[in-house]
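All values derive from a computational prediction rather than experimental measurement. Here is the naming used below: chain letters follow the sequence lines, and residue numbers restart at 1 for every chain.
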Amino acid sequence: MKAADRSRARAKLVAWFGEHARALPWRQTSDPYAIWISEVMLQQTRVETVLRYYDRFLARFPTVRALADASEDDVLSMWSGLGYYRRARLLHEGVKAVVARHGGRVPEDAEARRALPGVGRYTAGAIGSIAFDRPEPIVDGNVARVLSRLDVIEHAIGTPASEKALWAEASAWAAHDAPGTVNQALMELGATVCTPTSPRCDACPLRAWCGARRADRVDELPVPRVKKAPKEVSVVALVARDRAGHALLVKHEANDEGGLFGGDLFKGLWSVPMQEGEGRGVARELAELHGAALDLAEPRQVIHVLTHRRLRVLVHQGRIAKARGTGRLVDPDALDGLGVATLTKKVLASAR
DNA sequence: GACACGTGGTT
DNA sequence: TAACCAAGTGT
């Protein structure tokens with residue numbers, strides 16, 4: 001888009017945002033720490049979902065120092081159910097780095113911000129523009145869609161050519177007054193008007209400058225990247241209870257055995273013993289490993305879909321007297337305060 | 001550069 | 001209902 005057009009379009013967009021911006025909690029603050037939290041929570045996650053976590057998380061960890069001083073267990077417990085748990089671990093590392101390197105203040109310097117764990121190009125730009133009013137660009141899924149349509153960018157999303165064009169254009173949009181407002185307005189437009197399907201072009205403040213609309217190609221843009229179908233994986237889970245009905249939970253740590261649960265998946269979270277595989281033999285191994293006795297009952301099935309995997313979990317039941325090692329016996333109805341993935345809750349619910 | 005990393009809502 | 005997708009990052 002030409003600079004003169006962009007200038008008029010920006011003014012129009014900012015005016016539109018002034019009228020139509022949703023009143024979201026992270027828009028009521030200029031605290032860079034609070035904005036950082038919101039940006040990390042919002043990664044690949046819907047606003048409505050984040051609304052259930054944001055205030056609670058900030059109340060528990062109101063400052064950089066409060067979060068830096070917390071245990072990873074406590075951080076993950078407040079993140080429980082939000083998904084992409086590595087975000088929480090990296091955020092925790094990030095605030096610790098802010099304490100260690102920057103005296104507990106989120107750095108205004110762009111390079112210093114970008115160097116923090118869990119702070120990539122997008123998050124650095126979001127904090128910089130929104131909290132510090134610095135002319136730094138952002139490109140998230142919304143901005144990518146808006147700019148792809150506006151400028152008729154035909155390269156598939158995620159390709160180097162597309163990234164280059166989008167960040168260049170986003171830089172031009174942000175290189176003026178009120179970059180934080182401009183950036184948020186671009187995202188808000190993508191979230192509420194320039195939507196993936198059924199965009200409301202009639203209500204769009206930028207329709208006069210939209211190349212896709214002019215060419216009647218709004219539905220063709222942006223060009224999606226090709227995705228592979230999730231692989232189906234069989235998993236055996238063991239719900240072993242003591243006489244009080246408490247179930248054995250073990251902390252999920254990376255190991256060198258590889259396989260589905262040998263990597264970063266659910267790392268640091270508590271779960272019932274699980275192992276890739278199928279059949280009663282695998283269940284018996286799991287039970288033996290943890291000092292439990294396997295029940296005769298047929299396993300229940302739980303389907304849980306991740307981004308790249310479709311998990312078919314067969315939930316076996318067993319009995320146990322005492323937890324070994326780092327295991328703990330936990331009341332399945334009192335999981336608050338524990339970092340637990342939704343999969344674990346589904347597995348426990350299937351075996352009640 | 002492709003892939004791993006969660007979950008829930010929408011179509 | 002299967003597919004898609006939502007304010008990405010790290011390896």
What pairs of nitrogen or oxygen atoms, one from the protein and one from nucleotides 7-11 of chain B, lie under 3.5 Å apart?
residue, atom, partner, partner atom, Å
dT7(B), OP1, Y85(A), OH, 2.8
dT7(B), OP1, T342(A), N, 2.5
dT7(B), OP2, H304(A), NE2, 2.6
dG8(B), N2, R46(A), NH1, 2.4

Exercise for the section: Return each pair, listed once, that meets salt bridge (charged side-chain N to carboxylate O under 4.0 Å, His left out) where at least one residue sits in residues 288-316 of chain A; pairs must be two or more places apart or across chains. Expected result: E232(A)-R310(A), E278(A)-R312(A), D295(A)-R319(A)
Problem - Nucleic acid contacts of residues 36-43 of chain A, taken as heavy-atom distances under 4.0 Å to DNA chain C - result: E39(A), L42(A), Q43(A)
Exercise for the section: Output, in order, the C-alpha distance, side-chain angles, deciding distance and verdict of side-chain hydrogen bond (donor to acceptor under 3.5 Å, both in side chains) for R225(A) and S162(A). Expected result: CA-CA 11 Å; R225(A) 75 181 94 186; S162(A) 159; over 6 Å; no
Handout entry: For Y53(A), side-chain hydrogen bond (donor to acceptor under 3.5 Å, both in side chains) partners two or more places apart
Key = none
Handout entry: Donor-acceptor pair (no angle test) under 3.5 Å: R121(A) side chain, dT9(C) base
Key = no
Problem - Over 12 non-hydrogen atoms of neighbours within 6.0 angstrom of CZ in R105(A) - result: no
Exercise for the section: Return each pair, listed once, that meets salt bridge (charged side-chain N to carboxylate O under 4.0 Å, His left out) where at least one residue sits in residues 16-33 of chain A; pairs must be two or more places apart or across chains. Expected result: R22(A)-E188(A), R27(A)-E188(A)
Exercise for the section: Could you list by number each residue of residues 55-73 of chain A showing a heavy-atom separation from DNA chain B of less than 4.0 Å, or answer none if no residue does? Expected result: none
Exercise for the section: For dC3(B) and dC4(C), measure between their P atoms and round to the nearest Å. Expected result: 16 Å
Exercise for the section: Using a 4.0 Å heavy-atom cut-off across all strands, classify R145(A) as base, sugar-phosphate, or nothing. Expected result: sugar-phosphate
Exercise for the section: Please list, chain by chain and in numerical order, all residues satisfying ring pair (Phe, Tyr, Trp, His ring centres under 6.0 Å) with Y54(A), sequence neighbours excluded. Expected result: W26(A)
Handout entry: Atom P, compared across dG8(B) and dT9(C): separation rounded to whole Å
Key = 23 Å
Handout entry: H252(A) NE2 to dG6(B) C1', straight-line distance once rounded to whole Å
Key = 14 Å
Exercise for the section: With sequence neighbours excluded, tell me which residues meet side-chain hydrogen bond (donor to acceptor under 3.5 Å, both in side chains) with S129(A). Expected result: N183(A)
Practice task
Classify the nucleic acid contact of P224(A) as base, sugar-phosphate or nothing, counting any heavy atom under 4.0 Å across all strands shown.
Solution key: nothing
Exercise for the section: Starting from the 5' end of DNA chain C, give me the residue, P196(A) or R114(A), whose nearest nucleotide shows up first. Expected result: P196(A)
Exercise for the section: Would you kindly give the CD-to-C1' distance between E276(A) and dA4(B), to the nearest whole Å? Expected result: 14 Å
Fill in the blank from the handout: note: I157(A), atom CD1; dA2(B), atom P; distance rounded to Å ~ 15 Å
Practice task
Provide, to the nearest angstrom, the distance between the CZ atom belonging to F261(A) and the P atom belonging to dG6(B).
Solution key: 11 Å
Handout entry: Nucleic acid contacts of residues 180-188 of chain A, taken as heavy-atom distances under 4.0 Å to DNA chain B
Key = none
Handout entry: Atom-pair distance (CD on E93(A); C1' on dG10(C)), nearest Å
Key = 11 Å
Exercise for the section: Mind checking T123(A) for me? I need base, sugar-phosphate or nothing, with any heavy atom below 4.0 Å counting as a touch. Expected result: sugar-phosphate
Handout entry: Nearest-Å distance for atom pair NE2/P, residues H308(A) and dA3(C)
Key = 15 Å
Handout entry: Side chain proximity check, I37(A) to L91(A), heavy atoms < 4.5 angstrom
Key = yes
Completion exercise
Rounded to whole Å, the CD-P distance (E163(A) to dT9(C)) equals 11 Å
Exercise for the section: Classify the nucleic acid contact of L311(A) as base, sugar-phosphate or nothing, counting any heavy atom under 4.0 Å across all strands shown. Expected result: nothing
Which pairs would a plain distance check flag for residues 79-86 of chain A, meaning a side-chain donor or acceptor within less than 3.5 Å of a matching protein atom at least two apart in sequence or in another chain?
residue, atom, partner, partner atom, Å
W79(A), NE1, G83(A), O, 3.1
S80(A), OG, V340(A), N, 3.1
S80(A), OG, V340(A), O, 2.4
Y84(A), OH, T307(A), OG1, 3.4
Y85(A), OH, G81(A), N, 3.2

Exercise for the section: Verify the cluster assignment for W36(A) and V47(A): are they in a single hydrophobic cluster under the rule of side-chain heavy atoms below 4.5 Å apart? Expected result: yes
Exercise for the section: Assess whether atom NZ of K251(A) is packed by more than 12 heavy atoms of other residues, nucleotides or ligands within 6.0 Å. Expected result: yes
Problem - Separation between the P atoms of dA6(C) and dC5(B), rounded to whole Å - result: 22 Å
Practice task
Not counting sequence neighbours, which residues clear side-chain hydrogen bond (donor to acceptor under 3.5 Å, both in side chains) with R149(A)? List them please.
Solution key: none
Problem - Atom pair distance, as rounded to whole Å: NZ in K345(A) and C1' in dG6(B) - result: 13 Å
Exercise for the section: For K267(A) and for P160(A), locate the closest nucleotide of DNA chain B by heavy-atom distance; then report the residue assigned to the nucleotide nearer the 5' terminus. Expected result: P160(A)
Exercise for the section: Mind checking W26(A) for me? I need base, sugar-phosphate or nothing, with any heavy atom below 4.0 Å counting as a touch. Expected result: base
Problem - CD/E111(A): more than 12 non-hydrogen atoms of other groups inside 6.0 Å - result: no
Completion exercise
Residue set satisfying salt bridge (Lys or Arg N to Asp or Glu O under 4.0 Å) with D216(A), at least two apart, ordered chain then number -> none
Handout entry: Flag side-chain contact, heavy atom, 4.5 Å: P273(A) against L289(A)
Key = no
